[in-house]
2 protein chains.
Amino acid sequence: MSRPRDAAATKAALLDAATKLFGERGFDRTTVRDIAGLAGVNQALLFRYYGSKDALFATVLATQSRELLEDSPAEHLLRNVLLRIMEERPRPEDHPLYAVLRSSHHDSAAEVVRRQMGEEYARALSSLTDAEDAELRADLVLAWVVGIGVLRGVFGKQPLADADATTVTALVTQAASVLLEHTRLG
Amino acid sequence: MSRPRDAAATKAALLDAATKLFGERGFDRTTVRDIAGLAGVNQALLFRYYGSKDALFATVLATQSRELLEDSPAEHLLRNVLLRIMEERPRPEDHPLYAVLRSSHHDSAAEVVRRQMGEEYARALSSLTDAEDAELRADLVLAWVVGIGVLRGVFGKQPLADADATTVTALVTQAASVLLEHTRLG
DNA sequence: CCCCCATGTAAGCATTCGCTTACATCCGAC
DNA sequence: GTCGGATGTAAGCGAATGCTTACATGGGGG
């Protein structure tokens with residue numbers, strides 16, 4: 001009367017359950033009993049295989065962030081990212097942003113997102129303008145994308161949450177172009 | 001050997017301490033003992049005057065957002081909120097956004113207050129345009145504010161985190177005016 | 001003066017949490 | 001076959017948390 005003796009499958013089940021629950025509820029409101037329960041695994045095994053709840057959380061973040069970003073040409077980055085966030089309905093909890101936002105106290109969590117956002121999104125966006133404060137402008141556009149994701153995925157704010165993706169994309173790119181347009185010819 | 005018998009002052013001290021701690025740590029990582037300790041008040045009084053930790057959190061959110069909404073006409077709401085959020089030394093007690101972002105609260109009194117806050121802000125912003133999709137546009141501007149708060153307060157993203165408040169405010173209001181301007185004469 | 005209730009205090013209760021321990025059971029190596 | 005480590009299970013421990021209760025006390029009204 002016990003689950004199949006398969007350590008790898010047990011570890012994977014725990015990681016999957018943790019990924020889902022941390023993303024939905026955040027770190028604090030997810031208990032090790034919840035994770036083990038969803039995984040169908042005795043909770044003592046969580047500690048045998050991952051050491052602690054903290055370490056499991058770090059593993060979740062590391063695993064997720066590795067799969068996060070794929071390259072997009074800079075000119076289409078904003079549009080592509082927006083469309084993805086707007087269409088991410090089916091499994092929004094997969095985006096590491098949600099786990100991190102709901103667990104903002106966690107140093108390693110904020111660190112992961114900070115590094116990725118800084119080195120990928122913002123740099124690509126900043127190449128779209130030649131203004132002196134290009135990086136700040138890129139941060140502001142990035143903030144917009146993040147904010148839209150938060151209002152939709154975390155708060156469920158209407159009418160934004162159910163708005164048409166192309167409409168939103170058009171409005172945002174139109175307004176953001178004020179910040180990202182090239183002022184000098186190039 | 002007891003504090004002065006002044007119920008109003010005690011309630012205010014509790015509210016101030018709660019506002020600060022909820023903003024810094026979020027709901028879950030703030031304990032009623034922390035709040036009472038910072039306020040210099042016996043923790044039983046917290047329950048006597050506010051009923052529960054949940055109700056106190058809701059009171060904090062309601063109080064903060066009411067203050068900000070009341071003394072900001074719609075035309076200046078975006079600017080004032082941005083200036084607060086981008087203040088040089090981030091003081092989490094200055095804006096309820098930080099408390100909300102650090103607290104992933106569902107099914108509670110605070111959830112209701114949070115939804116009300118979002119709708120009040122959005123309604124004020126949507127009054128600034130006569131476009132057909134005014135509410136969606138307002139949501140997008142609200143999302144921008146939220147995203148800036150996330151990047152700055154939660155993730156500490158540079159250069160945004162240490163950017164000059166007036167510069168950020170100018171850039172954002174300029175771009176947002178594309179969404180919120182009156183298209184028809186009125 | 002004295003009563004009484006608003007205010008403040010101290011202690012603890014019930015629950016939940018992360019984590020540990022002690023033990024059962026399976027399976028491959030020899 | 002049997003031995004031993006790997007895997008799974010059941011139970012509970014100590015600490016922390018939200019909240020309650022029982023009591024002390026001070027100050028204003030009769």
Side-chain angles (χ1 to χ4, degrees), chain A residues 1-22 24-61 99 102-103 105-109, chain B residues 1-22 24-61 99 102-111 113:
Chain A
M1 209 50 201
S2 67
R3 53 180 288 109
R5 302 175 71 81
D6 183 340
T10 297
K11 285 179 69 168
L14 283 168
L15 192 65
D16 286 349
T19 300
K20 176 173 166 114
L21 292 179
F22 283 142
E24 286 176 358
R25 311 179 190 174
F27 182 85
D28 287 325
R29 296 182 100 81
T30 300
T31 75
V32 295
R33 285 169 175 82
D34 289 337
I35 297 171
L38 179 61
V41 160
N42 189 289
Q43 62 144 328
L45 298 179
L46 186 156
F47 294 95
R48 194 196 313 274
Y49 291 129
Y50 291 97
S52 70
K53 184 189 178 187
D54 263 290
L56 175 58
F57 185 69
T59 304
V60 166
L61 286 182
R102 293 193 154 115
S103 319
H105 63 89
H106 226 275
D107 290 341
S108 62
Chain B
M1 210 52 201
S2 67
R3 55 179 288 109
R5 302 173 73 81
D6 183 339
T10 297
K11 286 180 71 168
L14 283 168
L15 192 65
D16 287 348
T19 300
K20 172 168 174 147
L21 292 178
F22 283 141
E24 282 176 2
R25 310 179 190 174
F27 182 85
D28 286 325
R29 317 241 345 152
T30 300
T31 74
V32 295
R33 286 170 175 80
D34 289 338
I35 297 170
L38 180 62
V41 159
N42 190 289
Q43 62 144 328
L45 297 179
L46 186 157
F47 295 95
R48 198 202 299 281
Y49 291 130
Y50 290 98
S52 71
K53 185 190 177 187
D54 260 301
L56 175 57
F57 185 67
T59 303
V60 166
L61 293 187
R102 307 201 104 98
S103 311
S104 72
H105 230 236
H106 290 318
D107 54 56
S108 71
E111 162 72 16
V113 175

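When reading the values below, keep in mind they use all heavy atoms of this one structure, side chains included, and skip hydrogens, waters and symmetry mates.
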Q: Output the single nucleotide from C:dT7, C:dT9, D:dT7 whose closest atom is nearest the side chain of B:Tyr49.
A: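 Selected nucleotide (nearest to the side chain): C:dT7.
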Q: Could you check how far CD of A:Gln43 sits from C1' of C:dC17, rounded to whole Å?
A: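 Spelled out: CD on A:Gln43 to C1' on C:dC17 is 10 Å.
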Q: Which heavy atom in A:Ala36 sits nearest to a heavy atom in A:Leu14, and how many Å separate them?
A: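 For A:Ala36 and A:Leu14, the tightest heavy-atom pair comes out as CA-CD2, 4.2 Å.
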Q: Looking at B:Arg33 and D:dT17, is any side-chain donor or acceptor paired with a base atom of the opposite kind under 3.5 Å?
A: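 Checked by distance alone, the answer is no.
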Q: Closest nucleotide of DNA chain D for B:Thr30 versus for A:Ala44: which of these residues is on the 5' side?
A: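 Going by which nucleotide is closer to the 5' end, it is A:Ala44.
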Q: Regarding B:Tyr50, tell me which of base, sugar-phosphate or nothing describes its non-hydrogen contacts under 4.0 Å with the strands shown.
A: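 Since no nucleic acid heavy atom lies under 4.0 Å of B:Tyr50, the category is nothing.
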Q: B:Thr31 has a side chain; which of D:dT17, D:dT9, C:dC17 sits nearest to it?
A: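 So the side chain of B:Thr31 is nearest to D:dT17.
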Q: Could you tell me the separation between the CG atom of A:Asp28 and the P atom of D:dG18, rounded to a whole number of Å?
A: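 Whole-Å distance recorded here is 11 Å.
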Q: Heavy-atom nearest nucleotide on DNA chain D for A:Arg48 versus B:Leu46: which residue maps closer to 5'?
A: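 Per heavy-atom nearest nucleotide, the more 5' residue is A:Arg48.
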Q: What's the CG-C1' distance between A:Leu45 and D:dA10, to the nearest Å?
A: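 Result: 12 Å.
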Q: For the pair A:Asp34 and A:Arg25, find out whether any cationic side-chain nitrogen is under 4.0 Å from an anionic carboxylate oxygen.
A: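 Result for this pair is yes, salt bridge flagged.
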Q: Working to the nearest 0.5 Å, report the span between CD1 of B:Ile35 and CG of B:Asp16.
A: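 B:Ile35 CD1 to B:Asp16 CG: 12.0 Å, rounded to 0.5 Å.
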Q: Could you check how far CZ of B:Arg5 sits from C1' of C:dT9, rounded to whole Å?
A: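 From B:Arg5 CZ to C:dT9 C1': 11 Å.
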Q: Could you state the atom-to-atom distance from CZ of B:Phe47 to P of C:dC13 in whole Å?
A: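 Distance, rounded to whole Å: 17 Å.
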Q: When the distance from CG of B:Asp6 to P of D:dG27 is rounded to whole Å, what number comes out?
A: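 Roughly 12 Å, once rounded to whole Å.
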Q: Under 4.0 Å between a side-chain N/O of A:Thr10 and OP1 or OP2 of D:dG8, yes or no?
A: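 It does, given that an N or O in the side chain of A:Thr10 lies less than 4.0 Å from OP1 or OP2 of D:dG8.
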Q: Determine whether A:Tyr50 and A:Leu15 make a side-chain contact, defined as any pair of heavy atoms from C-beta on separated by less than 4.5 Å.
A: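 The answer is yes; the side chains approach within 4.5 Å.
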Q: Atom CG of B:Leu14 to atom C1' of C:dG8: distance rounded to whole Å?
A: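 Nearest whole value for this atom pair: 12 Å.
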Q: Look at the side chain of A:Lys53 and the backbone N and O of A:Thr30, then say whether any donor-acceptor pair between them is shorter than 3.5 Å.
A: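 It does hold such a pair.
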Q: A:Asp34 has an atom CG; how far is it from atom P of C:dT16, in whole Å?
A: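 For the pair A:Asp34 CG and C:dT16 P, the rounded distance is 12 Å.
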